[in-house]
Amino acid sequence: MRAVRLLLFVVGAAATAYGGWLLLPQLGTAMPWLIGGPVLHDVLVAPLVGLALGRLVTNRFRRAWIVAGLMASATLLLIAVPLLWRPPSAPPNPGLPDRDYPLGLAVGLAVLWAAIAVVLVVATTVDRRVADRRTDRP
């Protein structure tokens, strides 16, 4: 098992080094994104969302599902930003630029939050049924 872990570590380190080598020529333009995103998240977004959810949603199960939805939404938005923000700087790749990225993002977010809403409604229904059974017993 130790040999497998060591092999995976070496392969991962090599892939990271190769990615860093490829990023080197673009480091000046990528640095604001590489530093600004995590700093903005850790200083502003995470504390505000944590405070708001802590006060608005008291049930831990529901809060966990809402946090999972927010994290998935943030991931989808982060992936979509380069496609939505500016036109591609490289020649178009046939089959890719003909997509409607804003619509795809909207549909993805709608499906995600619809699934979370279904889970929360089912959980609320189950909670009420369990509570009704407890009060019905003599």
Side-chain angles (χ1 to χ4, degrees):
M1 186 57 119
R2 184 172 278 170
V4 173
R5 285 184 183 173
L6 181 63
L7 176 68
L8 289 174
F9 174 77
V10 168
V11 170
T16 302
Y18 180 66
W21 179 258
L22 292 177
L23 183 65
L24 227 82
Q26 304 168 359
L27 199 57
T29 57
M31 195 56 76
W33 288 96
L34 293 173
I35 293 174
V39 168
L40 179 68
H41 174 268
D42 291 347
V43 171
L44 186 66
V45 175
L48 290 177
V49 169
L51 284 172
L53 280 179
R55 291 178 186 225
L56 294 174
V57 183
T58 57
N59 185 306
R60 296 179 89 187
F61 175 78
R62 288 176 183 80
R63 189 180 327 141
W65 277 96
I66 292 171
V67 167
L70 289 172
M71 289 173 57
S73 296
T75 303
L76 286 173
L77 288 168
L78 186 64
I79 291 169
V81 162
L83 300 171
L84 299 175
W85 191 335
R86 66 178 193 180
S89 58
N93 187 352
L96 289 180
D98 60 349
R99 292 193 170 95
D100 188 1
Y101 290 112
L103 177 64
L105 176 63
V107 168
L109 290 172
V111 167
L112 169 71
W113 285 103
I116 290 173
V118 166
V119 167
L120 294 177
V121 167
V122 168
T124 302
T125 305
V126 169
D127 285 349
R128 286 184 182 158
R129 287 186 181 176
V130 168
D132 288 345
R133 286 184 185 163
R134 287 183 187 159
T135 57
D136 287 344
R137 292 184 181 173

- Message: Could you check whether atom CH2 of Trp113 has more than 12 heavy atoms from other residues, nucleotides or ligands sitting under 6.0 Å from it?
- Response: yes
- Item | Within-4.5 Å side-chain heavy-atom neighbours: Ile66 and Leu56 | no
With rounding to the nearest 0.5 Å, note down the distance linking [atom1] in [X] to [atom2] in [Y].
{"X": "Arg63", "Y": "Arg60", "atom1": "CZ", "atom2": "CZ", "value": "7.0 Å"}
{"X": "Thr75", "Y": "Leu70", "atom1": "OG1", "atom2": "CG", "value": "10.5 Å"}
{"X": "Leu120", "Y": "Thr125", "atom1": "CG", "atom2": "OG1", "value": "10.5 Å"}

- Message: Val45 and side-chain contact (heavy atoms from CB on, under 4.5 Å): which single residue from Asp42, Leu48, Val49, Val43 fits?
- Response: Val49
- Query: Going through the distances and angles, do Leu23 and Leu34 end up as a side-chain contact (heavy atoms from CB on, under 4.5 Å)?
  - Reply: CA-CA 11 Å; Leu23 183 65; Leu34 293 173; 3.8 Å; yes
Membership question, hydrophobic clusters at under 4.5 Å side-chain separation (ILVMFWY): are [Y] and [X] in the same one?
{"X": "Tyr101", "Y": "Leu76", "value": "yes"}
{"X": "Val122", "Y": "Val130", "value": "yes"}
{"X": "Ile79", "Y": "Leu105", "value": "no"}
{"X": "Leu77", "Y": "Leu40", "value": "no"}
{"X": "Val119", "Y": "Val67", "value": "yes"}

- How close do Gly69 and Ile116 get, heavy atom to heavy atom, and via which atoms? CA-CD1, 3.1 Å
